[in-house]
Amino acid sequence: MIYFIYGDPNQIFNKSNKLIDSLLSKNPDATFLKIDYDNFEQYNIEELISGQSLFTGKQIVYLKRLLENTQTSDYILKKIKEISQSNNIFIITEEKLNKPILAKVEKVAEKVQKFESRKIASKRDSNVFDIADALGNRDTKKLWLLY
């Protein structure tokens with residue numbers, strides 16, 4: 001089972017933490033693993049896809065920003081169908097994605113969420129003499145925009 005979250009990093013962080021907390025509260029015996037580029041090893045993923053713990057049951061695996069690197073993304077995309085069919089729960093979060101990778105993950109993910117980054121319009125420092133400068137330069141377009 002795959003939960004895929006991508007987009008704005010702050011919103012991803014909040015949503016993934018809430019999701020992990022809710023999954024751990026539903027399955028208190030579940031094992032939680034966080035895998036990022038620093039501790040990624042191929043054999044770990046294969047074990048997590050097919051393996052199950054004797055005592056705890058399901059495992060919750062958080063894959064953080066592994067699709068940004070070409071080496072890790074190639075490996076994960078090869079195994080994405082197996083990951084989706086696993087009894088364990090995989091949460092994949094990404095900030096930036098290209099469309100081919102997104103399409104492959106969306107096909108097999110149980111839930112996909114996109115968070116748009118909120119852009120705050122910056123206020124322009126207004127100079128009193130901008131209109132006069134535009135008039136002096138005979139820039140009618142800028143003059144009208146400033147007016």
Side-chain angles (χ1 to χ4, degrees), residues 1-28 30-51 58-147:
M1 175 184 304
I2 297 176
Y3 291 102
F4 185 65
I5 306 168
Y6 69 102
D8 182 47
N10 293 330
Q11 294 178 6
I12 289 172
F13 178 75
N14 292 335
K15 179 61 179 179
S16 61
N17 284 341
K18 288 178 185 177
L19 179 62
I20 291 166
D21 289 341
S22 70
L23 289 172
L24 286 174
S25 67
K26 291 177 186 175
N27 302 318
T31 307
F32 175 71
L33 297 167
K34 180 179 178 183
I35 300 174
D36 56 8
Y37 185 72
D38 294 333
N39 63 357
F40 174 78
E41 293 182 21
Q42 291 182 359
Y43 69 89
N44 284 341
I45 298 296
E46 290 177 6
E47 289 175 6
L48 293 171
I49 291 171
S50 59
K58 287 192 177 190
Q59 295 179 344
I60 300 170
V61 183
Y62 178 39
L63 303 177
K64 183 178 179 183
R65 297 177 61 184
L66 290 178
L67 297 176
E68 291 178 5
N69 187 331
T70 56
Q71 292 175 339
T72 57
S73 69
D74 290 342
Y75 178 75
I76 289 179
L77 291 175
K78 287 178 187 175
K79 299 285 185 182
I80 197 75
K81 189 163 186 161
E82 295 173 26
I83 292 172
S84 69
Q85 295 170 350
S86 174
N87 290 333
N88 297 325
I89 300 170
F90 287 83
I91 301 168
I92 302 173
T93 59
E94 292 296 325
E95 289 179 27
K96 299 175 185 174
L97 279 177
N98 58 23
K99 289 185 180 183
I101 292 175
L102 178 62
K104 288 178 184 178
V105 176
E106 280 182 330
K107 287 180 185 177
V108 295
E110 183 165 318
K111 188 169 186 182
V112 177
Q113 288 184 315
K114 178 180 181 181
F115 291 100
E116 297 286 333
S117 61
R118 297 177 187 162
K119 294 183 180 179
I120 301 172
S122 62
K123 291 187 177 181
R124 190 176 164 256
D125 293 334
S126 60
N127 187 356
V128 178
F129 301 106
D130 283 345
I131 293 177
D133 289 339
L135 181 64
N137 292 335
R138 297 181 186 206
D139 188 356
T140 56
K141 184 177 180 181
K142 186 175 180 181
L143 184 65
W144 275 108
L145 290 172
L146 291 171
Y147 177 71

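Along the sequence shown, residues are numbered consecutively beginning with 1. Just so you know, these numbers use all the heavy atoms, side chains as well, and skip hydrogens, waters and symmetry mates.
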Is [Y] close to [X] at the side-chain level, that is, under 4.5 Å between some pair of heavy atoms?
| X | Y | value |
| --- | --- | --- |
| E94 | F4 | yes |
| I83 | V108 | no |
| V61 | I35 | yes |

Review point. Salt bridge between E95 and R65, side-chain N to carboxylate O under 4.0 Å?
Key: yes
Review point. For the side-chain contact (heavy atoms from CB on, under 4.5 Å) test, which of T93, I92, T72, L102 pairs with L67?
Key: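 The single option meeting the side-chain contact (heavy atoms from CB on, under 4.5 Å) with L67 is I92.
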Review point. Looking at I60, L23, N27, which hits side-chain contact (heavy atoms from CB on, under 4.5 Å) with F32?
Key: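 Looking at I60, L23, N27, the match for F32 under the side-chain contact (heavy atoms from CB on, under 4.5 Å) is I60.
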Shortest non-hydrogen contact from [X] toward [Y]:
| X | Y | result |
| --- | --- | --- |
| K79 | I49 | CB-CD1, 4.0 Å |
| N87 | K58 | O-CE, 3.5 Å |
| N39 | K34 | ND2-O, 3.1 Å |

Practice item. With sequence neighbours left out, write down each residue that passes salt bridge (charged side-chain N to carboxylate O under 4.0 Å, His left out) with E110, or none if nothing qualifies. Key: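 Testing E110 for salt bridge (charged side-chain N to carboxylate O under 4.0 Å, His left out), a comparison that skips the adjacent residues, returns none.
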Exercise for review: Using the side chain to side chain contact (heavy atoms under 4.5 Å, CB included) rule, take Y37 and Q71 through it: C-alpha gap first, then chi angles, then the decisive distance, then the call.
Suggested key: CA-CA 10 Å; Y37 185 72; Q71 292 175 339; 4.0 Å; yes
Point to revise | Mutual orientation of the aromatic rings belonging to Y75 and F40 [parallel < 30°, tilted 30-60°, perpendicular > 60°] | key: perpendicular
Check your understanding: Hey, mind stepping through I2 and V112 against side chain to side chain contact (heavy atoms under 4.5 Å, CB included) and telling me if it holds?
Key -> CA-CA 9 Å; I2 297 176; V112 177; over 6 Å; no
Review point. About how many Å separate CG of L33 and CG of L63, when rounded to the nearest 0.5 Å?
Key: 9.5 Å
